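Values in this document were obtained by computation on a predicted structure and should not be read as measured data. Atoms within each ligand, like the ligands themselves, are counted from 1 in listed order. We number each residue from 1, following the sequence as shown.
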Amino acid sequence: MCINNGTLLCLLVGGFTVIQLMDGSKHNRRDAPPIVDLTVEGMFSRTREVYQNALKRFGPIIGVWRKGRLEYITNEIYAKQVLTTNDLFSFEKANAQILNLNVVLYIPGRSFFKDLVKLISESIDHNLDRIIKSVYPIFERRSRELCLATTRSSDAHTRCSPDFFVETQFTMAEVMVTVIFGKDHATSANIQSVVALTAVFATLTGMQYQNTSRFGRTFPRLYRMITWIRVMAVTVPFELCRSIGPLIWRITGEYARKSGPRATSMATPNEEPSSVLIYACDKYVNPSTMRLNRKDRLWIVVLMLGLLLASVHTTSVVATFVIYELARRPEYLQPLREELKTIVEHDSASGRTGLTLQSLSLATKADSFIREVMRLKGDTLAQVRMSTCDAPLGPYIIPKGCLVIPFSTLVHEDPTVFGADASTFNGFQWVEKSKPAVMAGASHIVFGLGRWACPGRNLAVNEIKLLLFNLIQIATPSLHEGTFEITDAMNTVTVPPRAALSLKALDV
Ligand code: HEM
């Protein structure tokens, strides 16, 4: 579909195959970028090296077939242009395709991604202070439990905690269930269901397991088809019907039967909706009848699912990277503990200590550490757009309907921006540079960039800080053999690193 220029000839150049025009004409300004055939094994296991070498060798934009799709990969120079020129490069079309969710783009009168952004901004960002207060105890309790489980571990030699990523997923799932549905609904059945749903969703997107599955790499289309059927026909209906779906349906139903008491409460500025779901009900209720119709209730189910799927898995992966990185860099532990002492709040009435949005905003070292971990964790092919027409980009034209992906490692380790030490970990450098972890920019695209930059990043970074501080105030993390392993070189966004983490309880 994207090769629109006559007969092709394959040339073998230094281990790559470059596909060029048969007539031998050089690429000129109106050509599509050259298509480079990377060896399958190389691109999946040595992603960074193989793509970067190809970009160095064949120019700033190359076409690469991956998992049965042609993608155009750009170097750091075009990252900003691709991510922010919305009329030429569409976020919505690209992500719907990548997530195998094209269907959501064609629901009349609805806009899945735009509605999600609005929902997050109005119901989460505006209430972050209250949300942090309500979820703080979850991090406190779960850190204690994790530390205890590690201490009791039967593996006396390594004293490894239960799978840290899985534990973090449960923590983040409990947080999101509390935020979205309210504390009363944070039952273990609902939390388990959310973890299961987010895991199958990662499979559905083809991102989590396809890169590491030989079958998925060899037969990408077949893999996607089978996965889609398995997930959509079996797992999603089962998990959805088991608890989360009925829960949303019941709450929206009760809301409708009560003829919208929340809607009237919206008129009172001090009275905020108690959960994101109630906020959504307030938003979609028919103001004249004060009722929610079935279509709106179904749309609310879709949005709540979208919110869960966008938030739990990604945050758990980054949090795991942060804790593992801290465990292998013990020199950062003491300064972070010192910082915690300076920001922690004491409630004289209860004698308890805690952290609030205000105190977390003062945690500049932790914030900088998180930003640096995100910058250097090794993202490669992460943010994606789709050309909406034959789109000019640098010296080339990207044919309409093609995926375009800036190569993240080149952006995050650009020596012209970060200097000669661009690839060296410097955990507190962002304190002086006053660049908070949530700040996106042309050289920091972990949360994307421009209009579509992640709307949940304020919540995500605060969650990670809560997890970090709650852990280090009771335990010292360390890694078996002092390091961790990247599980999937192509995907550090939804696939966590692998390690055996141990938590040594502090004597308090
Ligand atoms: C550390 C954790 C997270 C990371 C690394 C992350 C990263 C991203 C990235 C890269 C994008 C695409 C941006 C672009 O292409 O320009 C995105 C989109 C999105 N994120 Fe996050 N995210 C995280 C946590 C969250 C959380 C906690 C929420 C919800 C509360 C959330 C909600 C969304 C949504 C709804 C989108 C879709 C885009 C949109 O509608 O604007 N994310 N995220």
Point to revise | Modelled atom types, side-chain donor and acceptor of N190 and T187, under 3.5 Å | key: yes
Point to revise | Selected option - heavy-atom contact closest to atom 28 (C) of ligand 1, from S408, S123, G456, P406 | key: G456
Check your understanding: Considering only protein heavy atoms, which is closest to atom 13 (C) of ligand 1, and at what distance to one decimal place?
Key -> W452 O, 3.2 Å
Check your understanding: Which ligand 1 atoms are under 4.0 Å away from a heavy-atom of V446?
Key -> 7 (C), 10 (C)
Practice item. Flag the pair H313 / F165 as yes when their ring centroid distance falls below 6.0 Å, and as no otherwise. Key: yes
Review point. Can L83 be said to touch ligand 1, with heavy atoms closer than 4.0 Å?
Key: no
Check your understanding: Which of the numbered atoms in ligand 1 are below 4.0 angstrom from a heavy atom of P455?
Key -> 19 (C), 20 (N), 33 (C), 34 (C), 35 (C), 36 (C), 39 (C), 41 (O)
Review point. Which of these, A94, A382, G450, S311, has its nearest heavy atom closest to atom 27 (C) of ligand 1?
Key: S311
Review point. Counting from 1, what ligand 1 atoms have a heavy atom of I120 closer than 4.0 Å?
Key: 29 (C), 32 (C), 35 (C)
**Study point:** Which of the ligand 1 atoms, numbered from 1, are nearer than 4.0 Å to a heavy atom of G448
**Key:** 10 (C), 13 (C), 14 (C), 16 (O)
Review point. Of L277, I120, V179, which is the lone residue that meets side chain to side chain contact (heavy atoms under 4.5 Å, CB included) with L307?
Key: I120
Review point. Does the ring center of F469 lie less than 6.0 Å from the ring center of F139?
Key: no
Check your understanding: Any side-chain donor-acceptor pair under 3.5 Å between Y279 and N127?
Key -> no
Point to revise | A460: numbered ligand 1 atoms lying under 4.0 Å from its heavy atoms | key: 1 (C), 2 (C), 24 (C), 27 (C)
Check your understanding: Who's the nearest protein heavy-atom neighbour of atom 17 (C) of ligand 1, and how far?
Key -> C454 CB, 3.6 Å
Study note, to complete from the structure: of all protein heavy atoms, closest to atom 3 (C) of ligand 1 is F447 CE2, 3.6 Å
Exercise for review: Please check if the distance between the ring centroids of Y106 and F112 is under 6.0 Å.
Suggested key: no
Exercise for review: Could you tell me the residue and atom name of the protein heavy atom closest to atom 16 (O) of ligand 1, and the distance to it rounded to 0.1 Å?
Suggested key: R385 NH2, 2.8 Å
Revision key, fill the gap. among protein heavy atoms, the one nearest atom 41 (O) of ligand 1 is V117 CG2, 3.0 Å
**Study point:** Option with minimal heavy-atom separation from atom 1 (C) of ligand 1, where the choices are V318, L303, V175, L309
**Key:** V318
Practice item. May I ask you to identify, for T315, whether its side chain, its backbone, both or neither come under 4.0 Å of ligand 1 on a heavy-atom basis? Key: both
**Study point:** Heavy atom of the protein closest to atom 32 (C) of ligand 1 (residue, atom name, distance)
**Key:** A310 CB, 3.6 Å
Practice item. Fit a plane to each ring of F164 and Y324, take the angle between them on a 0 to 90° scale, and name the class: parallel (under 30°), tilted (30 to 60°) or perpendicular (over 60°). Key: tilted
Review point. Considering only heavy atoms of L449, which atoms of ligand 1 have at least one such atom less than 4.0 Å away?
Key: 16 (O)
Exercise for review: Identify, for atom 12 (C) of ligand 1, the protein heavy atom at the shortest distance, and state residue, atom and that distance.
Suggested key: F91 CE1, 3.8 Å
Review point. Taking the six-membered ring of F484, is the NZ or CZ of R498 close enough (under 6.0 Å from the centre) and on axis enough (within 45°)?
Key: no
Point to revise | E413 and S423 side chains, donor-acceptor separation under 3.5 Å | key: yes
Check your understanding: What are the atoms of ligand 1, with element, lying closer than 4.0 Å to any heavy atom of F113?
Key -> 40 (O)
